[in-house]
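Starting from 1, each residue takes its place in the sequence as its number.
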Amino acid sequence: MLELKPTDIRLSAEAKDKDEAIALMVDDMVASGLVTPAYLEGMRTRETQTSTFLGNGIAIPHGTPETRDEVKQTGIKVLRFDDGLDWGDGQIAHTVIGIAAKSDEHLTVLRQLTHVIMDDDLSNQLHTTPSPDDVIQILKGEKLEPKLNIDAKAMRLDASVTGVHEAKALAAGIMVANGYVSQAEQLSLMTQEPLNFGGGVWLLTELTEQSTPGVAAVVPEQAAQSADFNLLLAISTQGRSHKALYDRLLQMKRDHQLPQLTQAASGSTLADLLRQMPIEGDSIELRLPIEHGLHARPAAQLAKLIKSFKADVWVTNLSGDGMAVQGTSVARLISLGAAHGHSLRFTVTGTDDSNPILQQLSSAVTQGLGDPVMPLPELDEDSAPELDLNEAAEVRPLEAGDELTGMTGAPGMAAGRILKLERLSFNFSEHGQDTTTELDRFEQALDQLMTQVSARLDATNDSTKTKILAMHLELLNDPELVDGTRNAIRQGRSAEAAWTATYQSLADQLSLSSDPMLAERADDFKDLGYQLMLILSGQSTQAADEPHILLCEEISPSQVAEFDPAIVQAIVTAKGGTTSHAAILARAAGIPLLVGCGEQALTLTDGTPVIVDCDNRLLTVADSDESLEQARVEIDRRKQQQAEAFAKRFDPAISQDGVRMEVVANISSASDVEKILAQGAEGIGLFRSEFLYMAHTKEPTHAQQVAEYKSARERLGNTDFPLIVRTLDVGGDKPLPYLAMDDEENPFLGVRGARLSLMRPDLLKRQLKALLEAARSGPIRIMFPMISDIQEWRKIRAIYEEVAADYPDVQCEIGMMIEVPSAALMADVFAPELDFFSIGTNDLTQYTLAVDRGHAKLSRQADPIHPSILRLIDLTVKAAERNNIWVGVCGELAADPFAATLLMGLGVKELSMSSKAIPMVKAAIRQASKAESATLAQQALQAIDAEGVYQLKSKEA
């Protein structure tokens with residue numbers, strides 16, 4: 001980081017616009033002897049070439065290469081604007097960091113800033129702290145969250161404690177002895193009430209100021225163990241350093257693996273279990289035919305074989321405790337306790353071609369690893385053979401006129417010829433020349449990659465791309481990735497082998513997360529891994545300069561970031577998800593992206609003419625030049641529509657016959673408000689309050705909750721725009737680590753939303769108090785999720801009325817979400833007791849059609865436009881109209897322009913959606929009439945399936 005002193009920071013600067021702010025910055029630089037006055041022209045020129053806005057309220061103006069001679073001395077200045085300044089394209093800068101650098105020293109500043117840009121809390125601290133010293137610490141990265149220490153020395157097994165409270169005292173002592181908490185924090189731990197996590201596991205969590213947060217474990221001696229208490233974990237944390245461990249515990253709970261923790265044979269085993277994430281790679285399951293099991297001699301033979309592979313092999317005893325061990329260790333293989341007939345899983349990582357390895361393992365194990373083999377006992381006859389849904393079927397090549405459906409990663413349409421992108425392969429030696437040489441090769445490649453990413457970051461003015469590139473820089477600074485590679489090199493591996501094993505391991509851990517969006521972050525590790533391997537191997541990918549439709553198995557974020565939309569007209573992938581960073585970048589770049597089209601898409605060859613219609617989730621193999629030309633005419637028409645819709649995004653959505661629809665947005669935090677208003681939102685139809693709870697290690701305090709809700713209200717300005725807050729909606733697919741919940745066979749049908757609120761009324765009361773307190777600053781509507789029964793609702797309302805009695809000066813509209821079929825079918829019973837309904841079509845669809853909307857193979861069947869869903873919406877609206885209350889829709893259906901007109905026709909009054917969908921939805925409403933939409937809606941209600949509803953769309957067009 002360039003040298004920064006408190007005197008270089010102005011915390012309350014004033015300027016009327018960006019140009020004046022830059023002039024003020026240069027004046028400060030001139031006064032400190034950093035630059036000549038001519039540097040001002042270089043800064044202004046740089047802003048015309050590319051925006052210097054990085055994201056999260058941070059801008060870094062600097063000069064052009066031509067004005068480097070005006071720099072007398074390298075340095076930086078910081079100006080902070082309390083009310084923010086428009087830095088172009090509606091991007092508001094609160095902290096402006098001016099750079100005077102003679103060379104590429106500003107790239108170092110960019111790298112240091114990545115942790116701030118990616119962290120909303122740190123950015124907010126940077127923009128609001130009254131201390132210049134805090135600004136310096138934040139910019140230097142000294143406030144980064146440290147890694148959580150999980151060490152065997154802090155694990156106490158067979159402890160002489162008779163209950164959880166005695167264990168708490170012992171754990172607190174271990175924590176302070178290891179420097180994980182201070183003595184004052186030890187006292188706080190001692191006075192806390194432990195949390196029953198379930199399965200005999202209890203948790204204590206403490207925020208610490210210590211530099212080494214960590215974990216202590218206490219396991220009582222066998223005689224003291226019971227069904228209720230087998231293990232206490234005490235955790236000190238800074239920021240989110242605890243999150244990976246919480247995720248691990250939650251996953252073990254879901255998989256019924258908590259007994260592994262409570263039955264660990266040693267402190268080392270327990271620490272390994274807490275650290276280890278499941279391994280993912282190509283695998284094979286084999287039954288052990290050796291009479292005496294995997295004892296020393298066959299274990300040594302197996303380890304020797306595995307050491308010969310240029311890959312990592314993990315071995316799991318599926319008939320034992322489920323722990324995976326590295327196959328190169330004889331001792332660890334023996335520790336599996338694999339007996340005759342036990343099932344072993346061999347998982348291969350760190351190679352692109354695992355089949356030969358799996359074949360050799362299969363042959364060696366079935367032949368006994370040098371020991372005599374015995375016939376295997378029959379499997380349990382009651383165990384039916386498992387149906388392999390992933391079994392590959394013969395793939396028929398696509399022909400002219402064929403169509404494939406996919407998922408919309410980025411909207412839009414394109415027509416052109418296929419260019420197939422093949423991923424390069426790397427051949428390298430497992431062992432390097434010598435440690436010094438391999439370390440030098442790695443460091444040079446890493447520096448080169450960081451410079452490349454920094455240059456892309458410096459060149460972009462797109463806030464979405466900025467955040468992702470900044471995150472990639474942060475990953476390249478990750479000590480687990482970088483130090484892990486260095487350590488592997490020091491153990492004799494080549495740079496390529498060390499890097500591949502390290503990044504692949506981290507990617508594997510993420511890919512197994514229960515959170516789909518977190519799992520897709522594994523793609524970022526794989527992307528960076530591939531980029532650095534290109535540098536190490538001296539290879540490069542050649543970009544075509546002719547317009548084309550890019551076809552590939554998967555696409556990486558770095559590739560999308562480099563694409564020119566004029567050349568890459570659309571991207572089609574066989575795999576991939578709609579929330580990946582590649583999809584986010586494609587949307588930001590305006591490149592249509594159709595993902596998940598399946599293996600059949602890869603049968604297309606270079607030059608094949610295709611039409612990609614992401615808006616209708618369709619890939620069509622063109623059968624003539626005429627069909628291509630027709631598609632191009634349609635593309636031009638859609639682009640014109642989108643441009644016109646965006647230009648009129650602030651106009652109200654009033655139909656041709658004068659009916660107004662309220663078009664609002666879904667948000668996850670108060671910081672989202674400015675973004676949704678910039679897209680034309682007329683308020684907030686769904687504030688997902690659970691994200692506030694997820695952002696904390698403990699339940700957010702009253703003050704924290706009030707501040708967040710008030711901030712959202714205040715950011716709406718002096719308008720009558722609505723703010724609708726959904727009360728805490730966790731459980732099922734969204735558990736809270738610090739809120740103990742029982743194991744459930746099917747959490748989607750278990751304790752969720754209002755059910756949890758009724759089990760924990762204290763939690764609901766605290767949230768309602770915060771909402772009513774915040775409502776004193778402006779109107780807030782409150783809605784309650786996952787209500788299925790009238791008695792359930794009346795209990796919820798009674799809790800609300802009890803809390804509201806303490807706030808007689810506050811009047812809030814209250815409503816409920818229609819998310820389960822029973823609520824829609826009984827809407828006439830609910831309606832007299834409410835002010836509004838809000839229909840969550842995402843959950844309503846999966847519960848009505850019995851399809852998990854996150855299921856990899858069935859999710860496409862969960863189409864919210866299915867007539868069964870429309871009929872439930874129709875029932876709800878009619879019940880609401882009879883009782884003079886209004887109905888909104890806040891699921892994915894609301895964001896579809898065609899569906900929006902159907903919903904208007906059914907009598908829905910409000911549509912809430914992601915902000916980018918707002919301009920086109922408003923335009924669709926303005927172009928329709930309520931009367932015609934009502935006729936169309938009635939036809940949709942009579943359709944027999946979703947396809948029948950879509951056919952109405954084509955007739956309308």
Side-chain angles (χ1 to χ4, degrees), residues 1-68 70-101 105-107 109-110 112-113 116-117 122-132 134-136 138-139 457-463 466-467 470 671 674-675 678 715:
M1 182 77 180
L2 300 179
E3 187 61 31
L4 181 63
K5 305 179 293 296
T7 53
D8 294 320
I9 300 167
R10 278 207 225 186
L11 293 182
S12 295
E14 294 183 0
K16 65 181 181 182
D17 55 26
K18 178 171 76 169
D19 192 63
E20 188 173 296
I22 291 174
L24 182 62
M25 180 71 71
V26 173
D27 286 345
D28 282 1
M29 288 180 168
V30 170
S32 297
L34 299 181
V35 299
T36 70
Y39 194 63
L40 174 61
E41 190 58 35
M43 274 198 170
R44 285 174 171 164
T45 301
R46 169 64 74 181
E47 295 296 330
T48 65
Q49 296 171 343
T50 182
S51 172
T52 55
F53 185 85
L54 287 185
N56 252 353
I58 301 171
I60 56 161
H62 51 280
T64 62
E66 292 75 22
T67 54
R68 285 177 179 167
E70 307 303 330
V71 177
K72 297 179 179 180
Q73 180 183 339
T74 295
I76 61 176
K77 294 285 183 180
V78 177
L79 302 179
R80 202 172 68 197
F81 299 94
D82 294 335
D83 296 329
L85 283 176
D86 187 343
W87 215 255
D89 297 325
Q91 297 166 321
I92 305 300
H94 291 276
T95 302
V96 180
I97 304 168
I99 303 171
E105 292 153 296
H106 68 284
L107 297 181
V109 178
L110 278 174
Q112 294 289 356
L113 283 172
V116 185
I117 298 167
L122 274 181
S123 297
N124 186 55
Q125 289 179 42
L126 179 66
H127 304 328
T128 58
T129 177
S131 167
D134 280 354
V135 171
I136 294 171
I138 292 170
L139 293 180
L457 183 57
D458 190 34
T460 185
N461 60 1
D462 181 272
S463 59
T466 294
K467 276 201 168 189
S671 61
E674 286 83 1
K675 300 172 190 173
R715 289 171 189 239

Inset, instruction - Would you please name every residue forming a side chain to side chain contact (heavy atoms under 4.5 Å, CB included) with T128, sequence neighbours left out? - result: N124
Legend entry - Test item: F81 and L79 side chains (from C-beta on) under 4.5 Å apart, heavy atoms: yes
Inset, instruction - Test side-chain contact (heavy atoms from CB on, under 4.5 Å) on L11 and I9 and set out the steps. - result: CA-CA 6 Å; L11 293 182; I9 300 167; 3.6 Å; yes
Legend entry - Separation of T48 OG1 from M43 CE (nearest 0.5 Å): 13.5 Å
Inset, instruction - Looking only at non-hydrogen atoms, find the nearest pair between A100 and Y39 and report the distance. - result: CA-OH, 3.7 Å
Inset, instruction - Flag yes if more than 12 heavy atoms outside D17 fall under 6.0 Å of its CG atom; otherwise flag no. - result: yes
Inset, instruction - Can you measure from CD (E41) to CD (E66) and round to the nearest 0.5 angstrom? - result: 11.5 Å
Legend entry - Minimum heavy-atom distance V71-A101, with the two atoms named: CG2-O, 3.8 Å
Legend entry - Contact list for residues 22-38, test salt bridge (Lys or Arg N to Asp or Glu O under 4.0 Å), sequence neighbours left out: R10-D28
Legend entry - Short side-chain to backbone donor-acceptor contact, S32 and M29, under 3.5 Å: no
Legend entry - Pairwise side-chain contact, I99 with P61, heavy-atom cut-off 4.5 Å (strictly under): no
Legend entry - Nearest atoms (heavy-atom pairs only) where S123 meets N56: OG-ND2, 3.2 Å
Inset, instruction - Quick one: closest heavy-atom pair of L24 and A13, and the distance? - result: CD2-CB, 4.2 Å
Inset, instruction - Might you point out which heavy atoms bring L85 and A21 nearest each other, and give the distance in Å? - result: CD1-CB, 3.5 Å
Legend entry - Residues that R44 engages under salt bridge (charged side-chain N to carboxylate O under 4.0 Å, His left out), provided they are two or more places apart: D19
Inset, instruction - Could I get the full list of side chain to side chain contact (heavy atoms under 4.5 Å, CB included) partners for V30, not counting sequence neighbours? - result: V26, V35, P37
Legend entry - Listed partners of D86 passing side chain to side chain contact (heavy atoms under 4.5 Å, CB included), at least two apart: I92
Legend entry - Contacts of E674 that satisfy side-chain hydrogen bond (donor to acceptor under 3.5 Å, both in side chains) - sequence neighbours left out: R715
Legend entry - D458 and H62, any side-chain heavy atoms less than 4.5 Å apart: yes
Legend entry - Between E47 and T52, a side-chain donor and acceptor under 3.5 Å: yes
Legend entry - Any donor-acceptor pair under 3.5 Å from Q91 side chain to W87 backbone: no
Inset, instruction - Could you tell me which residues satisfy side-chain hydrogen bond (donor to acceptor under 3.5 Å, both in side chains) with H127, sequence neighbours excluded, listed by chain and number? - result: T95
Inset, instruction - Please identify each residue that fulfils salt bridge (charged side-chain N to carboxylate O under 4.0 Å, His left out) with E14, with sequence neighbours left out. - result: none
Inset, instruction - For D8, enumerate each residue passing the salt bridge (charged side-chain N to carboxylate O under 4.0 Å, His left out) test, keeping only those at least two apart in sequence or located in another chain. - result: K5, K77
Legend entry - Value rounded to 0.5 Å, distance of CD in E70 from OG1 in T36: 3.5 Å
Inset, instruction - Report the residues that fulfil side chain to side chain contact (heavy atoms under 4.5 Å, CB included) with T129, sequence neighbours left out, ordered by chain and then residue number. - result: R80, S131, D134, V135
Legend entry - Heavy-atom side-chain proximity of L139 to V78 below 4.5 angstrom: yes
